[in-house]
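For reference, the structure discussed in these notes is given below.
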There are 2 protein chains.
Amino acid sequence: MGQGEGQRHATLRTVAQLAGVDVSTASRVLNGTSEDARRAASREKADEIRRVAEELNYRSNPHAASLRTRRTKLIGVIVPRLSDLVLATIYEGIEDAATRLGLSTFVMNSHDEPREQKARTEVALSRRVDGLIFGDAHIDGRFIDEIAERRIPFALVNRRAGNHPSVTCDDYLGGRLVAEHFLELGHERVAVIAGEPYASTGIDRTAGFRDRYREAGIRLPSSRIVHSHFDAAGGRQAAEQLLRGRTRPTAVFAVNDFAAIGVLGTLRDHGLRPGKDVAVAGFNDTPLARELPVPLTTVRSPMHEMGGLAVDLLVRLLDGEQVKSERLAPDLVVRASTDPARLSPVATDL
Amino acid sequence: MGQGEGQRHATLRTVAQLAGVDVSTASRVLNGTSEDARRAASREKADEIRRVAEELNYRSNPHAASLRTRRTKLIGVIVPRLSDLVLATIYEGIEDAATRLGLSTFVMNSHDEPREQKARTEVALSRRVDGLIFGDAHIDGRFIDEIAERRIPFALVNRRAGNHPSVTCDDYLGGRLVAEHFLELGHERVAVIAGEPYASTGIDRTAGFRDRYREAGIRLPSSRIVHSHFDAAGGRQAAEQLLRGRTRPTAVFAVNDFAAIGVLGTLRDHGLRPGKDVAVAGFNDTPLARELPVPLTTVRSPMHEMGGLAVDLLVRLLDGEQVKSERLAPDLVVRASTDPARLSPVATDL
DNA sequence: CATCGTTGCCCAATCGATTGGGTAACTGTG
DNA sequence: CACAGTTACCCAATCGATTGGGCAACGATG
């Protein structure tokens, strides 16, 4: 109830009074388009208004403006969890783009739980966001469909669902690239750690990988496609399961770098040398990948860029434009975890 | 300009009209305290108002309320970067606590740049946040002092500065714990990768470590305290610098897990076995630490909890209470990177 | 029966901006 | 000089809530 309060903010009214004009004139000069400003006041009056505003350190009260205009310049962002570096990086892209456009963003974690997705979305809507960006779409699209039916403007990022507007990496192609690489290295007994079954990222990466292998005449048995959480612990669990199998794979594609790191750890624990006994590839090229003791082969995805494009997409949608989804090209980055020649001396000595 | 718009939100006025009461009565029943509600309307009227509100799916418009009350229930959070897992985790704690209290948060990245800190803070203030949480304080406190002078309510988290209210880990103690551990293992030639020179976290961890060693009669030459960025690339650079020195340390304390990971990579590149040839400890016990090929000894800090407590602190401040800073106790977690006995078979074979 | 307290509401001002619609003064044209 | 068009403003309604004050009706009290 108390107040730490700084000095009260100057309002348009005080600015207008001191500048000797009506508040409407001050509004047009300070907050309107330059077109508005020109026709609202003469050169000198406008300068005077701006001078006074500057002096009083006037800042338009966004709540008052939103109340009147019904637009908040706020966008809600819902992600599974910001402590996932992939999402944090995408969010940074979102924030950069939003800031550049004078928009503000709210982020919330849904932990990929339908109930929380719903709850967070309602919170965002009750804050009257102009639109939403979802980084946590589930492939079944149930929740997203509902949002679409309510005609709430939104864009998906990182994961796609249905044909709702989205900005994603070309995950299918990414999976193919890894398969291509493994095939070149001569791996025939391979496995995929496929991520969460509801995430299009994992699904598409797996599909691309599987399809490329199939084209090479090699079928992946379903026992060598294991779902997992998108983190190191998840990768570890999945790897343990794979190693329990009768025939050990010679190469493992984890659809996420952190899961791949878990795989590296598990291999060591089992006395296997990553990059030599078993090849490992990840996805996303997180900054850690190249710094690991055994640097990780991975697929670089434009995470930051995806965030920015998602904002652009949403803004175009808010402007009533017709939009279409974007799919950005990934790159394969080969490092020691799949290429023994690149292993450091000590690791090669193994 | 266009509108994707969903159906218009119901307002208090329509609810009041349908329930046959004045809007003020509806306001007290729906948005006031239960005390207000009781004296504003009879049992039956109140129930009727709530029924209508429910039916119309009424949500109070926070902008209208803020305009009138001058409180926004918004708090601004400024961190160096959310793609740093430590900050992302702290932010999750902040978000959880805020949600529980019915507050919303804005996060922004300052990249530890004074200019951006200033700019983001102004953005938050122009959004009329009730208070701020800074996770990016610099030890010199210049910027923070300025904010304090403007009597803007805020709390610091993770890093302290001056005697502004903060919630931190007891970093000094954390540093001592690592030193204690290294001493027990018999390490006398040790080094510290100390993080950014302006972050209290690195400063205090280094100081605790240095002091404990001094008490054991061992002085750290300044050449063995190297500053670095708080990420794997930073750790790698710092480690390279240390290995260039004449006398190689037998143990390295990196004040951050990611920097420690960079050290592990560098050691390998130089043909040195982490945990055997050189002991390595990190700080924060990020989830990755235990999953690495060579699991990392580190100091567990209560990141999530710190975030929640920072919110509590800020809220108490906003309520006009006198508050004092909190310093939470860390724990040492010993793993293979400092203890050869714990190395996995293949690593021991090295 | 006059008085006093409650109970249960309603009135109306207010927060700070936006915006459609005036209108007075001035300029240019025929 | 009459008239149209432009320039440079001002007026006032409005967005959706909050909140101090007022007041009628009713029961209790002396």
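Computed from a predicted model, the values in this text were never measured in an experiment. Lettering follows sequence order; numbering is per chain, from 1.
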Practice task
Would you mind classifying the nucleic acid contact of B:Ser24 as base, sugar-phosphate or nothing, using non-hydrogen atoms under 4.0 angstrom?
Solution key: base

Next on the checklist: Apply side-chain contact (heavy atoms from CB on, under 4.5 Å) to residues A:Arg70 and A:Ser66 and explain how you reach the verdict.
Outcome noted: CA-CA 5 Å; A:Arg70 298 161 168 299; A:Ser66 300; over 6 Å; no

Separation of C:dC10 atom P from B:Ile49 atom CD1, nearest Å, is 8 Å

Whole-Å distance, A:Leu30 CG to C:dT18 P, equals 9 Å

Closest of C:dT18, C:dC9, D:dC9 to the B:Ala41 side chain is C:dC9

A:Ala65 has its side chain closest, among C:dT18, C:dG16, C:dC9, to C:dT18

Per nearest nucleotide of DNA chain C, the residue lying toward the 5' end, B:Ser42 or B:Arg128, is B:Ser42

Exercise for review: Would you indicate, yes or no, if C:dG16 has its OP1 or OP2 atom less than 4.0 angstrom from a side-chain nitrogen or oxygen of B:Arg70?
Suggested key: yes

Open item on the list: Considering every strand and a 4.0 Å limit on heavy-atom distances, what is the contact class for A:Val21: base, sugar-phosphate, or nothing?
Closed with: sugar-phosphate

| said: Any base atoms under 4.0 Å from B:Asp36, or only sugar-phosphate, or nothing? Heavy atoms, all strands. | reply: nothing

In whole angstroms, the gap separating C1' of D:dA8 from CZ of A:Arg38 amounts to 13 Å

* Asked: Touch check for A:Thr25, heavy atoms < 4.0 angstrom, all strands: base, sugar-phosphate only, or nothing?
  -> base

Rounded to whole Å, the CZ-P distance (B:Arg13 to C:dC11) equals 13 Å

Centroid separation B:Tyr58 to B:His9 less than 6.0 Å: no

### Task
Decide side-chain hydrogen bond (donor to acceptor under 3.5 Å, both in side chains) for B:Ser83 and A:Glu92; before the verdict, give the C-alpha distance in whole Å, the side-chain angles of both, and the deciding distance to 0.1 Å.
CA-CA 8 Å; B:Ser83 56; A:Glu92 290 189 354; 2.9 Å; yes

Sugar-phosphate only, base, or nothing, as touched by B:Arg59 at under 4.0 Å among non-hydrogen atoms = sugar-phosphate

note: B:Glu44, atom CD; C:dT7, atom P; distance rounded to Å ~ 15 Å

note: B:Lys73, atom NZ; D:dT18, atom C1'; distance rounded to Å ~ 13 Å

| query | How would you label the contact of B:Ser66 with the nucleic acid (heavy atoms, under 4.0 Å): base, sugar-phosphate, or nothing? | reply | nothing

note: A:Arg39, atom CZ; C:dG21, atom P; distance rounded to Å ~ 14 Å

### Message
Is the ring pair A:Phe154/A:Phe134 parallel, tilted or perpendicular, if the boundaries are 30 and 60 degrees?
### Response
perpendicular

| task | Would you check, one step at a time, whether the test side-chain hydrogen bond (donor to acceptor under 3.5 Å, both in side chains) holds for A:Asn57 with A:Arg59? | result | CA-CA 7 Å; A:Asn57 194 26; A:Arg59 293 287 113 103; 3.1 Å; yes

Quiz item: Where does the angle between the aromatic ring planes of B:Tyr198 and B:His138 fall among parallel (under 30°), tilted (30 to 60°) and perpendicular (over 60°)?
Solution: parallel

Is the phosphate of C:dT18 approached by A:Ser27 (side-chain N or O, under 4.0 Å from OP1 or OP2)? yes

Separation of C:dT19 atom C1' from A:Arg71 atom CZ, nearest Å, is 16 Å

### Task
Would you kindly check whether a donor in the side chain of A:Arg28 faces an acceptor in the base of C:dG20, or vice versa, at under 3.5 angstrom?
yes

### Task
Please check the phosphate of D:dT18 (OP1 and OP2 only) for any side-chain N or O of B:Asn31 closer than 4.0 Å.
yes

The nucleotide from D:dT19, C:dC9, D:dC10 with an atom nearest the side chain of B:Arg68 is D:dT19

Among C:dG16, D:dA17, D:dT19, the one nearest any side-chain atom of B:Thr69 is D:dT19

